[in-house]
There are 2 protein chains.
Amino acid sequence: MVKAAVPERIKGVCCPPSIPLSLAKVDASVDVLKALADPTRLQMVGALKRSSQPVCICDFTAAFDLSQPTISHHMGKLRDAGLVEVTKVGIWAYYRLSGQLEPRTRALLDVLV
Amino acid sequence: MVKAAVPERIKGVCCPPSIPLSLAKVDASVDVLKALADPTRLQMVGALKRSSQPVCICDFTAAFDLSQPTISHHMGKLRDAGLVEVTKVGIWAYYRLSGQLEPRTRALLDVLV
DNA sequence: GGAAGAGATTGATATCTGTCGATGGGATGC
DNA sequence: GCATCCCATCGACAGATATCAATCTCTTCC
């Protein structure tokens, strides 16, 4: 694909064409991207994606050099973004990737982690 | 794939396994994700990806309801992330997707925009 | 040289975000 | 009941981020 010559311009007549915008799709994508754009959360998602079993959040608390509230905060962000689901068993909380991920989101995770 | 039963736990013995971490890859991905995790920048990248020609940044300044410094700021972030390249012609600045995008990054954009 | 246009940079500000300590809430076990 | 454990929430705070007005740099045109 050749993207060679730049379009010609007339001085003072800037910007005739407008950019095509599809706001809804963009906002949905941005929400997922914001949730993933953090090292801790991206590693959490990667671990959940590679795990065949739900992962106790206490494992993340131990694996990362962060406080327990911070880990809980990050997992909450992933929950709010709809990326993970939780199952509580006794005093433990087991997390896994959401089973209702949109195909686009699943494809995103396949590329990323 | 069945991710059914949660692993058994012993109280007070939390977190035996550690999470596999590959920091370098994660950090690189996070940089790209941060650059894309903004509605304006994601739309910019989408427009550049769909355009067969480099796009004058003045088009973005006109298309978005944002000031010229803000548009320049966002494009600078995309530049810093290595996602776009610029060609200056006279008083104009034409942007296009970088030609040296990593395969992973290109796959990411294919999913996103 | 001087005026004008396009775009980048600077400085200031309001908001968002990541982090931790402290607290609360539910389950387990004595 | 009461202590203990796990996890979520709250409050506070420092650092990052988005935004704009003002300014600066570079180019073009007269």
Side-chain angles (χ1 to χ4, degrees), chain A residues 6-16 26-27 30-45 54-81 84-96, chain B residues 6-16 26-27 30-44 48 54-81 84-96:
Chain A
V6 301
E8 299 221 348
R9 283 285 171 180
I10 303 171
K11 198 170 166 184
V13 182
C14 215
C15 327
V26 167
D27 285 342
V30 166
D31 286 342
V32 174
L33 289 171
K34 278 184 187 295
L36 296 174
D38 177 275
T40 304
R41 293 197 292 270
L42 189 58
Q43 288 175 83
M44 284 174 162
V45 169
V55 177
C56 179
I57 196 173
C58 64
D59 289 339
F60 293 112
T61 304
F64 295 99
D65 193 22
L66 293 170
S67 69
Q68 177 267 322
T70 299
I71 296 294
S72 185
H73 161 79
H74 283 305
M75 198 58 90
K77 290 244 179 185
L78 295 177
R79 248 189 293 119
D80 292 344
V84 303
E85 293 171 337
V86 62
T87 304
K88 301 205 175 182
V89 178
I91 56 176
W92 292 290
Y94 293 89
Y95 280 87
R96 63 192 178 284
Chain B
V6 300
E8 298 223 349
R9 283 285 171 181
I10 302 171
K11 198 171 166 183
V13 183
C14 215
C15 329
V26 166
D27 285 342
V30 165
D31 286 342
V32 174
L33 288 172
K34 278 185 188 294
L36 296 174
D38 177 276
T40 303
R41 293 197 291 269
L42 189 58
Q43 290 176 80
M44 284 174 162
L48 292 180
V55 177
C56 177
I57 197 174
C58 64
D59 289 339
F60 293 112
T61 304
F64 295 99
D65 194 20
L66 293 170
S67 69
Q68 178 267 322
T70 299
I71 296 294
S72 183
H73 159 79
H74 282 305
M75 197 60 90
K77 290 250 178 180
L78 294 177
R79 248 189 292 120
D80 292 343
V84 303
E85 293 170 337
V86 63
T87 304
K88 302 204 176 183
V89 179
I91 56 176
W92 293 291
Y94 293 88
Y95 280 87
R96 62 192 180 283

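The model shown is predicted, which means the values in this text are computed figures rather than measured ones.
Contact detail for Val86(A) and Ala93(A): the closest heavy-atom pair is CG2-CB, 4.0 Å. Residues Leu36(B) and Leu42(B) share a closest heavy-atom pair of O-CB, 3.7 Å. What you find for Val55(A) and Asp59(A) is that their closest heavy atoms are CG1-OD2, 3.8 Å.
Between the CG atom of Asp65(B) and the C1' atom of dT19(D) there is a distance of 12 Å, given to the nearest Å. In this structure, NZ of Lys88(A) is placed 13 Å from P of dG25(C), rounded to the nearest angstrom. Here the P atom of nucleotide dC13(D) and the NE2 atom of His73(A) are 18 Å apart, to the nearest Å. If you take CG of Leu78(A) and P of dT17(C), they are 14 Å apart, rounded to a whole angstrom. Residue Ile57(A) contributes atom CD1, which lies 9 Å from atom C1' of dA8(D) at whole-angstrom precision. The distance from atom CE of Met44(A) to atom P of dG18(C) is 12 Å, rounded to the nearest whole Å. Distance Leu33(B) CG to dT17(C) C1': 16 Å, rounded to the nearest Å. As rounded to whole Å, 16 Å separates atom C1' of dC7(D) from atom CG of Leu66(A).
The shortest distance between side-chain heavy atoms of Phe64(A) and Gln43(A) falls below 4.5 Å. Looking only at side-chain heavy atoms (C-beta outward), Arg9(A) and Ile91(B) stay at 4.5 Å or farther from each other.
Between His74(B) and dT19(D) there is a side-chain N or O to OP1 or OP2 distance below 4.0 Å. Under 4.0 angstrom from either OP1 or OP2 of dC20(C) there lies at least one side-chain N or O belonging to Thr70(A). For dG18(C), one of the phosphate oxygens OP1 or OP2 lies less than 4.0 angstrom from a side-chain nitrogen or oxygen of Lys77(A). For the pair Arg41(B) and dA18(D), the criterion of a side-chain N or O lying under 4.0 Å from OP1 or OP2 is met. For dA8(C), the OP1/OP2 oxygens have a side-chain nitrogen or oxygen of Tyr95(B) closer than 4.0 Å.
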Assess whether salt bridge (charged side-chain N to carboxylate O under 4.0 Å, His left out) is satisfied between Lys34(A) and Asp80(A), documenting all intermediate values.
CA-CA 11 Å; Lys34(A) 278 184 187 295; Asp80(A) 292 344; over 6 Å; no

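Nearest-nucleotide assignment on DNA chain D puts the 5′-proximal partner with Ser72(A), out of Lys34(A) and Ser72(A).
With hydrogens and angles ignored, no donor-acceptor pair closer than 3.5 Å exists between the side chain of Gln68(B) and the base of dA6(C).
Listed candidates were dT17(C), dG21(C), dT9(C). Nearest to the side chain of Pro69(A) is dG21(C). Side-chain atoms of Trp92(A) lie closest to dC7(D) of the nucleotides dC7(D), dG7(C), dG18(C).
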Scan nucleotides 25-30 of chain D against the protein and return all N/O pairs shorter than 3.5 Å with their distances rounded to 0.1 Å.
from	atom 1	to	atom 2	distance (Å)
dT28(D)	O2	Lys11(A)	NZ	3.4

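Among residues two or more places apart in sequence or in another chain, the side-chain hydrogen bond (donor to acceptor under 3.5 Å, both in side chains) test is passed with His74(B) by Arg41(B).
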